[in-house]
Number of protein chains: 2
Amino acid sequence: MKKQKSSPTIKDVAEYAGVSIKTVSRVINDSSEVTETTKKKVLDAIEKLGYRPNALAKSLRIKRTYTIGVIISDIANSFFGNVMKGIENVAIKNHYNIIFANSDENIEKEKMYYQFFIEKQVEGIIIIPAPGSQSYLKKHAGLIPMVFVDRKPKDWDGIVVKVNNEEGAYLLTKHLIEVHGYRSIVFLATELDIDPVGERFEGYKKAMEEANLKVRVIEGNRTIEDGCKAIEKVLFSNKPQAIFGCNHVMTLGAIKATKKYSLEVPRDIAVVGFDDFESGDVLRPYLTAVAQDPYKMGEYAAELLFKQITKNEFIKEKEIIIPVELKFRESCGCLYVSNKVVS
Amino acid sequence: MKKQKSSPTIKDVAEYAGVSIKTVSRVINDSSEVTETTKKKVLDAIEKLGYRPNALAKSLRIKRTYTIGVIISDIANSFFGNVMKGIENVAIKNHYNIIFANSDENIEKEKMYYQFFIEKQVEGIIIIPAPGSQSYLKKHAGLIPMVFVDRKPKDWDGIVVKVNNEEGAYLLTKHLIEVHGYRSIVFLATELDIDPVGERFEGYKKAMEEANLKVRVIEGNRTIEDGCKAIEKVLFSNKPQAIFGCNHVMTLGAIKATKKYSLEVPRDIAVVGFDDFESGDVLRPYLTAVAQDPYKMGEYAAELLFKQITKNEFIKEKEIIIPVELKFRESCGCLYVSNKVVS
DNA sequence: CTGTTAGCGCGTTCAG
DNA sequence: CTGAACGCGCTAACAG
């Protein structure tokens with residue numbers, strides 16, 4: 001008969017050390033008020049038995065899990081990977097662990113994970129909301145601290161850490177119009193009902209309308225290939241002078257389309273976008289873009305969450321805006337030489 | 001006096017519905033063997049009270065947490081983001097949640113998270129090992145199913161899902177030598193004691209030595225800027241004909257260095273590397289690289305883990321090799337036109 | 001088909 | 001300074 005090898009409990013340690021359970025508990029947690037000799041005995045027993053406290057039992061008892069839940073809309077996207085890294089950094093500083101979820105931009109998956117997280121007794125939740133309605137949150141309103149990142153939830157009034165999408169897009173579009181004199185500019189969107197995409201469109205639209213120019217949007221869906229296909233169509237019938245990609249994937253899609261038909265950026269057509277990325281400053285054309293700082297966004301969001309969890313603080317501001325930075329490089333038509341030592 | 005608003009328990013539900021605790025438990029779990037009417041009463045009570053089962057208490061009782069732990073070495077790296085996505089995909093299919101950790105390539109952090117995971121009673125662990133020794137695992141040897149990804153752990157004999165780094169680097173180096181006739185090729189490494197980097201170096205070395213060429217390595221550390229600085233130094237004193245970047249960051253660093261001194265890739269110098277990335281096929285120079293499939297690696301690793309967890313299967317193979325794919329584009333000197341419709 | 005009772009491993013009164 | 005007993009919320013015998 002094979003005896004089930006189960007891990008030693010605090011009781012085993014107590015027996016082995018010849019002390020009571022409480023004493024062991026003290027050594028592990030308080031570490032004070034215990035004689036040095038008995039403390040040593042207990043530590044030896046723990047070592048010998050390979051004892052590890054059971055966090056489940058402890059959490060059940062003290063009603064704290066030291067765990068937060070994080071729902072990311074797409075972890076393969078390096079933008080969100082950086083958000084995650086920022087969150088992790090402040091979580092571990094607060095001695096908290098993270099239960100992770102990838103919603104895949106699917107609201108049903110997000111909802112399911114939210115339920116799991118509640119059942120697992122997380123002490124706070126950070127969400128990058130998927131498109132759709134977050135009204136499922138109403139059921140347990142105010143039950144648990146939450147912070148949203150990058151996008152404002154829909155049908156739910158929550159704290160959100162984001163950038164000024166409208167302003168960023170407005171300024172970059174204005175640059176295209178005023179500095180380079182472009183008059184036909186296409187906005188390449190993914191889905192306009194994703195919060196930041198819509199806001200970026202609004203910024204683009206505002207700049208266009210102020211200059212009495214015609215607004216043109218194309219929805220390009222999610223992948224580089226999708227964006228490429230969407231742009232191909234406008235390259236012949238009514239070729240614009242510039243394309244504004246709503247995120248880095250769409251921007252790359254647009255550039256890919258120009259390459260496909262041997263158009264050169266920015267000579268034949270300009271391409272700019274939201275989101276900077278690591279090769280934007282290295283490969284050609286050097287990308288003109290609105291740069292965000294996702295790592296900082298993650299950190300900030302986590303800090304707001306822990307203010308609620310550990311200090312029980314009430315957060316008045318509902319929207320925290322992290323500044324963007326405009327990177328003027330060559331894909332808009334500017335002259336860019338900062339990479340070079342000699343010209 | 002503020003009454004602590006704690007969530008309702010199964011007992012509250014039972015009382016509200018006028019049945020016993022066990023009946024409620026049955027409705028939640030078995031869902032069988034219960035009269036329709038009482039079932040309805042219980043469901044109503046659950047709805048009314050906003051009851052959510054406490055997974056902690058359940059786990060403590062049944063000794064299963066339906067949770068695995070994942071330690072990623074750097075989640076901001078999109079390669080590992082894709083690994084993570086693959087893991088998540090099969091985890092949720094098995095109805096498992098993930099506790100996430102980012103080790104930041106720091107072995108001490110990895111070790112600390114491993115301890116946390118054990119205390120939180122995870123049923124399995126996936127690790128992308130940080131450089132250093134994984135000997136800390138010996139303490140609780142065989143306690144829990146584990147799978148490693150991308151890199152073999154050190155001082156520990158574990159199952160690892162990886163690619164054939166040596167062969168990939170060997171074939172690409174051979175291509176450089178035989179097709180393009182380059183004779184001076186520099187290998188730009190991060191840290192040679194990171195398992196795959198060392199293996200890639202071996203592949204490069206083998207190809208060089210077979211052709212009686214001189215092996216040259218530079219260690220470039222972690223960022224694009226680091227790689228750039230490291231390459232700058234060899235651009236004047238003894239300029240090589242080609243550079244082999246050990247990963248996509250070093251490859252970009254090398255290209256950045258060439259740009260800085262107005263060298264054109266591949267006309268003045270060729271640059272190739274390990275790891276393909278999303279803009280490698282879109283921006284110039286189109287990158288020649290050894291492409292891995294990180295998503296698949298994550299999926300595979302998770303599948304191996306769940307074979308151990310849910311089917312108690314013993315995994316004989318210690319090394320699972322996912323095939324790589326060589327992408328011959330233009331940065332090596334090849335003619336690349338696949339992107340274009342007309343030439 | 002349903003109710004009672006005893007733990008899961010730990011922290012914490014309340015005595016000693 | 002230490003030990004026994006209880007309970008966190010839930011499931012699993014074992015009865016009824």
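Numbers restart at 1 for each chain; the letters A, B, ... are given by sequence-line order, proteins then strands. In this text the structure is predicted, and so the values were computed from the model without any measurement.
Atom CD1 in B:I28 sits roughly 14 Å away from atom P in D:dG9 (whole-Å rounding). In this structure, A:L49 atom CG and C:dG9 atom P are separated by 14 Å, rounded to whole Å. A straight line from CZ of A:R61 to P of C:dG9 spans 16 Å, rounded to a whole angstrom. Rounded to whole Å, atom P of D:dG3 lies 15 Å from atom NZ of A:K11. The distance from atom CG of B:L60 to atom P of D:dT11 is 11 Å, rounded to the nearest whole Å. The nearest whole Å value for the distance from the NZ atom in B:K40 to the P atom in C:dC1 is 19 Å. In this structure, the CG atom of A:L56 is 13 Å from the P atom of C:dG11, given to the nearest Å.
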For residues 143-151 of chain B, which side-chain donor-acceptor pairs fall under 3.5 Å, sequence neighbours excluded?
{"residue": "B:R151", "atom": "NH1", "partner": "B:E105", "partner atom": "OE1", "Å": "2.8"}
{"residue": "B:R151", "atom": "NH1", "partner": "B:P129", "partner atom": "O", "Å": "2.8"}
{"residue": "B:R151", "atom": "NH2", "partner": "B:E105", "partner atom": "OE2", "Å": "2.9"}

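Remark: A:D74 engages B:K85 in a side-chain hydrogen bond (donor to acceptor under 3.5 Å, both in side chains) (not counting sequence neighbours). Applying the side-chain contact (heavy atoms from CB on, under 4.5 Å) criterion to A:L43, with sequence neighbours excluded, gives A:V27, A:K39, A:I46. Looking at residues two or more places apart in sequence or on another chain, you find a side-chain contact (heavy atoms from CB on, under 4.5 Å) between A:K162 and A:V160, A:N165, A:D195, A:E199, A:E319, A:I321. Taking B:D155 as the reference, B:S133 meet the side-chain hydrogen bond (donor to acceptor under 3.5 Å, both in side chains) condition, with sequence neighbours excluded. Residues that satisfy the side-chain contact (heavy atoms from CB on, under 4.5 Å) test with B:K111, not counting sequence neighbours, are B:E108, B:Y136. Residues satisfying the salt bridge (Lys or Arg N to Asp or Glu O under 4.0 Å) criterion with B:E313, sequence neighbours excluded, are absent altogether. Considering only residues two or more places apart in sequence or on other chains, A:Y96 meets the ring pair (Phe, Tyr, Trp, His ring centres under 6.0 Å) condition with A:Y66, A:F306.
Contact check, B:K39 against C:dC1: no side-chain N or O comes under 4.0 Å of OP1 or OP2. Distances shorter than 4.0 Å separate none of the side-chain N or O atoms of A:S25 from OP1 or OP2 on C:dC10. Taking side-chain N and O atoms only, A:T23 has a distance below 4.0 Å to OP1 or OP2 of D:dG3. Contact between the side-chain N/O atoms of B:T38 and the OP1/OP2 oxygens of C:dC1 is not found at any separation under 4.0 Å.
In this structure, a donor-acceptor pair under 3.5 Å is absent between the side chains of B:T65 and A:K120. No side-chain N or O of A:N102 forms a donor-acceptor pair with one of A:Y113 less than 3.5 Å apart. Neither side chain, B:N54 nor A:E119, offers a donor N or O lying under 3.5 Å from an acceptor on the other.
Checking A:I10 against B:G18, the closest nucleotide of DNA chain C that is more toward the 5' end is the one next to B:G18.
B:I21 comes within 4.0 angstrom of a base, heavy atoms only. A:I62 comes within contact range of the sugar-phosphate backbone alone, with a heavy-atom separation under 4.0 Å but no base atom that close.
With C:dC10, C:dC8, D:dG9 as the candidates, the nucleotide lying closest to the side chain of B:K63 is C:dC8. Out of C:dG11, D:dG9, C:dT2, the shortest distance to the side chain of A:K58 is found at C:dG11.
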Atom pairs, protein N/O to nucleotides 14-16 of chain D N/O, distance under 3.5 Å:
none

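For DNA chain C, none of the residues of residues 117-125 of chain A falls under the heavy-atom distance limit of 4.0 Å.
Residue pairs meeting the salt bridge (Lys or Arg N to Asp or Glu O under 4.0 Å) criterion with at least one member in residues 88-99 of chain B, sequence neighbours excluded, are A:K109-B:E88.
Fit an axis to the five pairs at each end of the helix from C:dC1-D:dG16 to C:dG16-D:dC1 and the two axes sit 40° apart, to the nearest 10 degrees.
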